[in-house]
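In what follows, chains are A, B, ... by sequence order, proteins preceding strands, each numbered from 1. Only a predicted model underlies this, so the values are computations on that prediction, with no experimental measurement involved. Keep in mind that the numbers below use all heavy atoms, side chains included, and drop hydrogens, waters and symmetry copies.
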Amino acid sequence: GENVEQHPSTLSVQEGDSAVIKCTYSDSASNYFPWYKQELGKRPQLIIDIRSNVGEKKDQRIAVTLNKTAKHFSLHITETQPEDSAVYFCAAVKTYKYIFGTGTRLKVLA
Amino acid sequence: KAGVTQTPRYLIKTRGQQVTLSCSPISGHRSVSWYQQTPGQGLQFLFEYFSETQRNKGNFPGRFSGRQFSNSRSEMNVSTLELGDSALYLCASSLGQGFGDEQYFGPGTRLTVT
């Protein structure tokens with residue numbers, strides 16, 4: 001069935017370092033890949049997304065890469081700051097059906 | 001523009017009872033999706049409604065059902081509650097008509113089944 005694997009489940013980095021979160025999806029018909037950030041006690045919020053016809057997208061300190069052949073996409077956060085600490089979810093979307101990864105808890109240590 | 005709202009925010013029910021949760025989308029949004037969030041399973045897709053029709057469905061038992069009204073407000077119902085149904089239930093709305101519409105999440109309803 002449809003599945004998205006997300007790794008790692010937890011990630012601790014020093015402030016200023018980079019963080020990388022990886023996701024692999026199973027349904028090759030997925031064509032939209034958003035990333036959400038969820039702070040403790042808050043709702044998930046979209047931070048960046050990428051469509052299947054694009055290989056890479058960048059927005060300031062965050063970037064996402066997509067490898068359709070490998071069915072793999074990644075989130076890159078550079079120059080991490082304490083406010084980046086949160087749970088990050090990837091999702092693979094096909095015709096409005098969102099399949100989420102199980103989340104990565106990122107801790108940025110000051 | 002007002003965000004997605006959900007009512008109630010917290011709910012405590014007893015095993016075997018049923019529950020109805022409500023979601024009001026952002027004005028102009030016609031798609032509403034529902035998710036179950038638990039610590040171990042992350043966000044699991046329940047179903048998606050667009051213009052009062054269920055357009056997508058996840059892999060949940062028939063005890064979980066939903067509907068959408070003409071004003072795009074949506075309700076989710078869970079019958080014969082089980083302890084494992086305890087979770088945060090999130091809804092999200094979007095325009096629902098384009099490739100990669102952004103979904104906006106509501107604050108969630110935390111359901112506890114005892």
Show me the donor-acceptor pairs within less than 3.5 Å that the side chains of residues 85-95 of chain B make with the rest of the protein, sequence neighbours left out.
residue: B/Asp85; atom: OD1; partner: B/Arg63; partner atom: NH2; Å: 3.0
residue: B/Asp85; atom: OD2; partner: B/Arg63; partner atom: NH1; Å: 2.8
residue: B/Asp85; atom: OD2; partner: B/Arg63; partner atom: NH2; Å: 3.3
residue: B/Asp85; atom: OD2; partner: B/Glu82; partner atom: N; Å: 2.8
residue: B/Ser86; atom: OG; partner: B/Leu83; partner atom: O; Å: 3.1
residue: B/Ser86; atom: OG; partner: B/Val113; partner atom: N; Å: 2.8
residue: B/Tyr89; atom: OH; partner: B/Gln36; partner atom: NE2; Å: 2.9
residue: B/Tyr89; atom: OH; partner: B/Asp85; partner atom: O; Å: 2.6
residue: B/Ser93; atom: OG; partner: B/Ile26; partner atom: N; Å: 3.4
residue: B/Ser93; atom: OG; partner: B/His29; partner atom: ND1; Å: 2.8
residue: B/Ser94; atom: OG; partner: B/Gly96; partner atom: N; Å: 3.3

Between B/Phe45 and B/Phe47, does the ring centroid distance fall short of 6.0 Å? no

With a 4.5 angstrom heavy-atom cut-off, could you sort out which part of A/Tyr98 is near chain B: side chain, backbone, both or neither? both

Any side-chain donor paired with an acceptor under 3.5 Å for A/Asp49 and A/Tyr32? yes

Ranking B/Gly58, B/Ser33, B/Gly106 by heavy-atom pairs under 4.5 Å to chain A gives rank one to B/Gly106

Where does A/Gln38 contact chain B at under 4.5 Å (heavy atoms): side chain, backbone, both or neither? side chain

Under 3.5 Å, side chain of A/Lys71 to main-chain N/O of A/Ser26, donor-acceptor pair present? yes

Heavy-atom cut-off 4.5 Å, strictly under: side chain, backbone, both or neither for A/Pro44 against chain B? both

Relative to chain A, which segment of B/Gln44 carries a heavy atom at a distance below 4.5 Å: side chain, backbone, both, or neither? neither

Toward chain B, the part of A/Ser9 with a non-hydrogen atom under 4.5 Å: neither

Residues in ring-ring contact (aromatic ring centres under 6.0 Å, His included) with B/Phe105, at least two apart? A/Tyr36, B/Tyr35

